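Computed from a prediction, not measured in an experiment: that's the story for all the values here. Naming: A, B, ... by sequence-line order, numbering from 1 per chain.
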Protein chains: 2
Amino acid sequence: MKKKETVKQEIIEAARQLFSRYGFRKTTMEDIARVTHKGKSSLYYYFRNKEEVFRAVIIHEASILRKALKDATTGISDPAEKLEKYMKVRMHTMKELINYYDAVEHEYDSHYSFVDRLRDQFDQDEAQAIRSILDEGVEQDKFQALDTELAANTLVIAMKGLEYPLVWKGSAQNLDKRIQKIVKILFYGLLKR
Amino acid sequence: MKKKETVKQEIIEAARQLFSRYGFRKTTMEDIARVTHKGKSSLYYYFRNKEEVFRAVIIHEASILRKALKDATTGISDPAEKLEKYMKVRMHTMKELINYYDAVEHEYDSHYSFVDRLRDQFDQDEAQAIRSILDEGVEQDKFQALDTELAANTLVIAMKGLEYPLVWKGSAQNLDKRIQKIVKILFYGLLKR
DNA sequence: GTATTTTCGACTTTATTGTTAAAATATTCT
DNA sequence: AGAATATTTTAACAATAAAGTCGAAAATAC
């Protein structure tokens with residue numbers, strides 16, 4: 001009787017692949033149905049409509065990102081190192097997810113506001129996470145005392161700025177270099193000498 | 001005044017990218033128009049319809065494959081080496097092209113016969129090319145004397161057989177290993193000891 | 001300038017898609 | 001078993017999107 005959740009997950013997984021490959025528009029309910037070996041209408045037993053499926057996928061992806069960030073940073077005690085790691089993992093994971101955002105960004109209707117809201121939520125969480133890393137650094141007397149809230153927001157904005165070129169040029173090596181550069185710049189302003 | 005051919009080539013190139021990414025069905029004339037910075041209707045000045053664009057792309061790709069094979073094998077004098085190289089290049093290039101075939105294979109209408117005809121033509125050419133490599137080998141007394149026509153056809157079939165899994169598992173390393181295996185098997189039956 | 005080539009917007013036609021409701025089938029419970 | 005519930009399928013249909021047409025405007029050649 002708890003099958004429903006399982007099937008839902010299967011649908012989400014199928015939809016995830018399709019959305020990431022074709023984007024929201026080009027992925028049809030029939031595509032999803034085909035992959036899940038179901039009739040197109042059966043999907044509506046699990047999700048109200050296509051957008052609901054999309055939401056579920058996005059939310060799922062967001063949780064993956066959160067987990068990746070957590071897994072990557074727990075265990076690192078040095079705040080500077082932790083911050084760099086955080087940014088790297090974030091950007092790399094985002095590179096995978098970006099297809100969705102890209103696919104939706106250019107559809108000017110109701111989707112946008114949803115993704116946008118979700119995005120804002122994520123940004124806030126992110127600022128919070130970064131802030132606590134910065135606080136740690138200050139605590140450990142490795143970072144200069146500063147307005148960590150402001151600094152965290154700055155970092156979030158910097159990472160968002162990095163995303164746009166990410167859509168166009170997918171060179172991972174390039175990305176790492178750019179991240180390192182930014183991190184270095186931040187550190188030479190941030191670290192005690 | 002010879003602009004027409006140039007623009008045609010541009011359209012083919014744009015369509016090539018789109019078809020290879022999205023397949024025949026999910027690529028729309030508007031997609032192609034957008035990429036070429038033209039109005040959708042303008043495309044119909046150069047091509048009768050979507051299928052014509054597709055044909056042009058396929059034909060173009062086929063010529064690329066032929067050229068790649070020629071370039072890769074000319075200059076190699078040892079027939080065994082040449083054969084292996086031929087197969088490797090063929091499979092690797094085919095891996096790029098396979099999206100088209102895949103995209104069309106499952107559309108059971110008029111396209112099939114066209115692609116099929118073109119495919120048959122290519123198979124024949126291929127059998128011929130392989131046969132001449134085999135003939136060389138026999139000539140140079142490196143291959144056993146055998147019915148090279150039959151052997152060439154066998155090889156073509158073997159390569160076609162390799163294509164199917166190619167669609168599903170895209171591991172290039174795996175592919176090379178499999179090719180080597182097949183080539184090795186063939187050689188131990190083929191080479192003089 | 002006129003003729004020719006090329007582009008494009010406004011349409012029409014055709015095909016696909018999302019969605020719904022109801023019927024059919026399977027599963028679980030008593 | 002058979003009632004109750006959960007899932008899938010079928011068939012329909014409106015909305016949307018796509019393919020393709022046409023004439024006329026731009027651009028270019030002559």
Side-chain angles (χ1 to χ4, degrees), chain A residues 1-19 21-58 100 103-112 114-115, chain B residues 1-19 21-58 100 103-112 114-115:
Chain A
M1 195 68 70
K2 56 155 71 165
K3 183 110 180 284
K4 199 162 177 179
E5 263 314 305
T6 317
V7 177
K8 255 186 150 176
Q9 282 310 118
E10 282 170 21
I11 293 172
I12 290 175
E13 174 54 23
R16 192 185 64 80
Q17 284 177 240
L18 290 163
F19 282 138
R21 175 151 185 198
Y22 298 118
F24 182 77
R25 199 131 184 264
K26 281 186 190 291
T27 300
T28 73
M29 291 298 266
E30 226 170 78
D31 289 337
I32 301 172
R34 196 180 317 119
V35 173
T36 52
H37 304 113
K38 284 195 174 355
K40 179 175 54 153
S41 340
S42 304
L43 302 178
Y44 288 87
Y45 179 69
Y46 299 94
F47 295 93
R48 251 206 284 321
N49 52 35
K50 188 176 170 184
E51 187 168 322
E52 277 298 309
V53 180
F54 186 72
R55 271 169 213 253
V57 169
I58 294 284
Y100 309 106
V104 156
E105 205 93 13
H106 297 300
E107 286 160 25
Y108 314 98
D109 50 6
S110 53
H111 305 299
Y112 188 76
F114 155 64
V115 175
Chain B
M1 192 68 73
K2 55 156 70 169
K3 183 109 181 286
K4 200 163 176 178
E5 263 313 304
T6 316
V7 176
K8 253 185 150 176
Q9 282 310 119
E10 282 170 19
I11 293 172
I12 289 174
E13 174 54 23
R16 192 185 65 80
Q17 284 177 239
L18 289 164
F19 282 139
R21 174 148 186 203
Y22 298 116
F24 180 78
R25 207 133 182 271
K26 282 187 189 292
T27 302
T28 73
M29 292 297 267
E30 225 170 82
D31 288 338
I32 300 172
R34 196 178 317 118
V35 173
T36 52
H37 304 112
K38 285 199 176 348
K40 180 177 55 152
S41 340
S42 305
L43 301 179
Y44 288 88
Y45 178 69
Y46 298 95
F47 296 92
R48 244 204 293 312
N49 51 35
K50 187 177 169 182
E51 187 168 324
E52 277 298 308
V53 179
F54 186 71
R55 270 169 213 254
V57 169
I58 294 285
Y100 308 108
V104 156
E105 205 94 13
H106 298 300
E107 287 161 24
Y108 313 99
D109 50 5
S110 53
H111 305 298
Y112 188 78
F114 155 63
V115 175

Dump the intermediate steps for salt bridge (charged side-chain N to carboxylate O under 4.0 Å, His left out) on B/Asp31 and B/Arg21, then the final yes or no.
-> CA-CA 12 Å; B/Asp31 288 338; B/Arg21 174 148 186 203; over 6 Å; no
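Taking atom NZ of B/Lys38 as the reference point, atom P of C/dG9 lies 13 Å away to the nearest angstrom. Distance A/Phe54 CZ to C/dG18 C1': 16 Å, rounded to the nearest Å. Rounded to whole angstrom, the span from the CZ atom of B/Phe24 across to the P atom of D/dA19 amounts to 8 Å. In this structure, A/Lys8 places its NZ atom 11 Å from P of D/dT7, rounding to the nearest Å. The interatomic distance linking B/Lys26 (NZ) with C/dA15 (P) rounds to 18 Å, in whole Å. Distance A/Phe47 CZ to C/dT20 P: 15 Å, rounded to the nearest Å. The nearest whole Å value for the distance from the CD atom in B/Glu51 to the P atom in D/dA18 is 19 Å. The distance between atom CD of B/Glu5 and atom P of C/dT6, rounded to the nearest whole Å, is 11 Å.
The residue B/Thr36 sits apart from the nucleic acid: no heavy atom pair falls under 4.0 Å.
In terms of heavy-atom proximity, B/Ile32 sits nearest to B/Val53 at CD1-CG1, 4.3 Å. When all heavy atoms are compared, the tightest approach of B/Met29 to B/Leu43 is O-CD1, 3.3 Å.
For the pair A/Ser42 and D/dT9, the criterion of a side-chain N or O lying under 4.0 Å from OP1 or OP2 is met. OP1 or OP2 of C/dT19 has at least one side-chain nitrogen or oxygen of A/Tyr44 nearer than 4.0 Å. In this model, the phosphate group of C/dT17 is not approached by any side-chain N or O of A/Arg25 to a distance below 4.0 Å at OP1 or OP2.
For B/Lys40 against D/dG20, a side-chain N or O and a base N or O form a donor-acceptor pair under 3.5 Å. Scanning atom types as modelled, one donor and one acceptor separated by under 3.5 angstrom connect the side chain of A/Ser41 and the base of D/dT10.
Ring planes of B/Tyr22 and A/Tyr22: tilted class, angle from 30 to 60°. Relative orientation of the A/Phe19 and A/Phe24 rings is parallel, given thresholds of 30° and 60° on the angle between their planes.
When the nucleotides D/dA19, C/dT6, C/dG18 are ranked by their closest atom to the side chain of A/Met29, C/dG18 comes out on top.
Residues B/Tyr45 and A/Glu30 each lie close to DNA chain C; by heavy-atom proximity, the contact nearer the 5' end of the strand is made by B/Tyr45.
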